[in-house]
Amino acid sequence: MTSGIIRVGIAGWTYEPWRGAFYPKGLKREQELEYAASQFRSIEINGTFYGMQKPNAFAHWADQVPADFVFSVKAPRYITHILRLRDPLVPLANFIASGLLRLGMHLGPILWQFPPNFRFDPERMEGFLRILPQDTEAAAKLGSRHDSKLHAPASLEIESKRPMRHAFEIRHESFRCEAFIDMLRAYNVALVCADSVEWPRLMDVTADFVYCRLHGSEEVYASGYDNAALDAWSARVRAWAAGGEPEDAERIGGKSKPRKRDVFVYFDNDKKVRAPANALELIRRLHT
């Protein structure tokens, strides 16, 4: 069995401490994404979490990255933190119509991050899973149900029908149950493996890809990863990509069926300062 594609990257790219450290001195800010995309195969777009974007923003990001690069896109907190998945259809349509599909072949997984006080509600969760589009054609159709809250005319054209992937990052212990794992598997949605001391760290494989966010295992958003930790994560990533599971996998449900899987790993640690260096160190270990 061949291995899936491994993509190691960073969460966001516009951080002051990186200038002159990760980014070369004198690099213009408008060139930072292009530079970061030359070092990594994927980056999380975080601005979409905080507010609605415009189609030109997505198109501009797509124009700055190589052909084989993909973004993961952090879904709006309006849906996850404010509405808490209540009546999400129109806000989801707005998110899509705001320009998400302008990323084209660079569109990777959609990251849905839930707040720490959001508990597992089976009925509400499955209702949301049921409306998530599984491909760009379905997304364009759903996006047509947007309302007037867009900041620019809707953008719903697609170059071709492509699969769409979704990943859920949970932060409450109530999700530590087999019913949730079974639900994600039924809809081919990945459970984010979030490395943090503050939230559940689960490694159940629930989709045809694996999504990891490394926040710092000793202090959230503040800890760097030493050589031993990077060696451990390298072994886990290799196991997932090859179709297996890590020997130290922390699971709630049973093992998944062996199949090669794409793996996405994003560093979001050490108040962002060490994230690029840790990501590059992991890439060297994986030879990706």
Notebook entry, point to check: Does a side chain donor of either Glu169 or His215 reach within less than 3.5 Å of an acceptor in the other side chain?
Noted result: yes

Next item on the list: With side chain to side chain donor-acceptor pair (under 3.5 Å) as the test, would you mind laying out the steps for Gln64 and His106 before giving the verdict?
Entry: CA-CA 11 Å; Gln64 298 179 68; His106 303 296; over 6 Å; no

Margin query: For the residue pair Arg77 / Gln113, report whether a side-chain donor-acceptor contact shorter than 3.5 Å exists.
Written below: no

Note to self: Taking Lys54's backbone N and O only, do any of them form a donor-acceptor pair with Ser98's side chain (distance below 3.5 Å, no angle check)?
What the structure shows: no

Item checked: Inter-residue atom distance Lys74.NZ - Asn46.CG, 0.5 Å rounding -> 5.0 Å

Note to self: Please report the interatomic distance CG(Leu101) to CZ(Arg162), rounded to the nearest 0.5 Å.
What the structure shows: 11.0 Å

Notebook entry, point to check: Which one of Tyr187, Phe175, Phe114 satisfies the ring-ring contact (aromatic ring centres under 6.0 Å, His included) criterion with Phe180?
Noted result: Phe175

Margin query: Check whether Arg261 reaches the backbone of Ala207 with its side chain - one donor and one acceptor, N or O, closer than 3.5 Å.
Written below: yes

Item checked: Donor-acceptor side-chain pairing of Tyr211 and Ser72 below 3.5 angstrom -> yes

Check: Say you draw a straight line from CG of Asp231 to CZ of Arg285; how long is it, rounded to the nearest 0.5 Å?
Finding: 4.5 Å

Next item on the list: For the pair Thr136 (side chain) and Ser160 (backbone), establish whether a donor and an acceptor sit closer than 3.5 Å, ignoring hydrogens and angles.
Entry: yes

Margin query: Distance check, rounded to the nearest 0.5 Å: Phe95 atom CZ versus Leu142 atom CG?
Written below: 11.0 Å

Item checked: Minimum heavy-atom distance Ile43-Ala36, with the two atoms named -> CD1-CB, 3.7 Å

Next item on the list: Evaluate the side-chain contact (heavy atoms from CB on, under 4.5 Å) criterion for residues Glu44 and Ile10: first the C-alpha distance (whole Å), next the side-chain angles of each, then the deciding distance (0.1 Å), finally the verdict.
Entry: CA-CA 6 Å; Glu44 285 182 352; Ile10 47 180; over 6 Å; no

Item checked: Which atom of Pro17 lies closest to which atom of Val273, heavy atoms considered -> CB-CG2, 3.8 Å

Margin query: Take a 6.0 Å sphere around CD of Glu16 and say whether it holds more than 12 heavy atoms from other residues, nucleotides or ligands.
Written below: yes

Notebook entry, point to check: Should the pair Arg19-Glu32 be classified as a salt bridge under the 4.0 Å nitrogen-to-oxygen rule?
Noted result: yes

Notebook entry, point to check: Does the pair Phe49 and His81 meet the rule for a ring pair (Phe, Tyr, Trp, His ring centres under 6.0 Å), with working shown?
Noted result: CA-CA 10 Å; Phe49 178 71; His81 289 56; 5.2 Å; yes

Check: Got a donor-acceptor contact below 3.5 angstrom from the Asp262 side chain to the Val210 backbone?
Finding: no

Checklist line | CD1 on Ile158 to CD on Glu137, rounded to 0.5 Å | finding: 5.5 Å

Next item on the list: Would you give the length of the straight line joining atom CD1 of Ile79 to atom CG of Asp87, rounded to the nearest 0.5 angstrom?
Entry: 11.5 Å

Check: Do Phe209 and Trp240 make the cut of ring centroids closer than 6.0 angstrom?
Finding: no

Check: Are Phe264 and Leu184 connected, step by step, through hydrophobic side chains (Ile, Leu, Val, Met, Phe, Trp, Tyr) whose heavy atoms are closer than 4.5 Å?
Finding: no

Checklist line | Asn278 to Leu230 - nearest heavy-atom pair and separation | finding: O-CD2, 3.9 Å

Checklist line | Within 45° cone of Trp199 ring axis and under 6.0 Å: Arg171 NZ or CZ | finding: yes

Notebook entry, point to check: Could you walk me through whether Leu214 and Asp268 pass the side-chain contact (heavy atoms from CB on, under 4.5 Å) check?
Noted result: CA-CA 6 Å; Leu214 306 187; Asp268 185 29; over 6 Å; no

Note to self: Between Arg251 and Asp204 (side chain of the first, backbone of the second, donor and acceptor by atom type, cut-off under 3.5 Å), is there such a pair?
What the structure shows: no

Item checked: Transitive ILVMFWY side-chain link Tyr78 to Ile110, under 4.5 Å -> no

Check: Are Val73 and Trp13 linked, directly or through other ILVMFWY residues, by side chains that come within less than 4.5 angstrom of each other?
Finding: yes

Next item on the list: Would you please classify the geometry between the Phe267 ring and the Tyr225 ring as parallel, tilted or perpendicular, with 30° and 60° separating the classes?
Entry: perpendicular

Check: Are any side-chain N or O atoms of Ser155 and backbone N or O atoms of Pro55, one a donor and one an acceptor, separated by less than 3.5 Å?
Finding: no

Notebook entry, point to check: Should Leu103 and Val65 be counted in the same cluster of Ile, Leu, Val, Met, Phe, Trp and Tyr side chains packed under 4.5 Å apart?
Noted result: yes

Check: Is there a donor-acceptor pair closer than 3.5 Å between any side-chain N or O of Glu245 and the backbone N or O of Val205?
Finding: no

Next item on the list: Give a yes or no on whether Glu173 atom CD has more than 12 heavy-atom contacts from other residues, nucleotides or ligands under 6.0 Å away.
Entry: yes

Check: Is the CD atom of Glu30 crowded by more than 12 outside heavy atoms at less than 6.0 Å?
Finding: yes

Notebook entry, point to check: In this structure, which one of Arg201, Arg236, Arg176 forms a salt bridge (charged side-chain N to carboxylate O under 4.0 Å, His left out) with Glu250?
Noted result: Arg201

Next item on the list: If the plane angle is over 60° it's perpendicular, under 30° parallel, otherwise tilted; pick one for Tyr35 and Phe22.
Entry: perpendicular

Notebook entry, point to check: What pair of heavy atoms forms the shortest contact from Gln53 to Gly47, and how long is it?
Noted result: NE2-O, 3.2 Å

Checklist line | Donor-acceptor pair between Asn117 and Arg84 side chains, under 3.5 angstrom | finding: yes

Check: If you take all heavy atoms of Met164 and Ala139, which pair is closest and at what distance?
Finding: SD-CB, 3.3 Å

Checklist line | Nearest non-hydrogen partners of Pro88 and Ile131, listed with the distance | finding: CG-CD1, 3.8 Å

Next item on the list: Indicate, with yes or no, if the rings of Phe69 and Phe71 have centres closer together than 6.0 Å.
Entry: yes

Check: Is the Trp61 ring parallel, tilted or perpendicular to the Phe58 ring (thresholds 30°, 60°)?
Finding: perpendicular

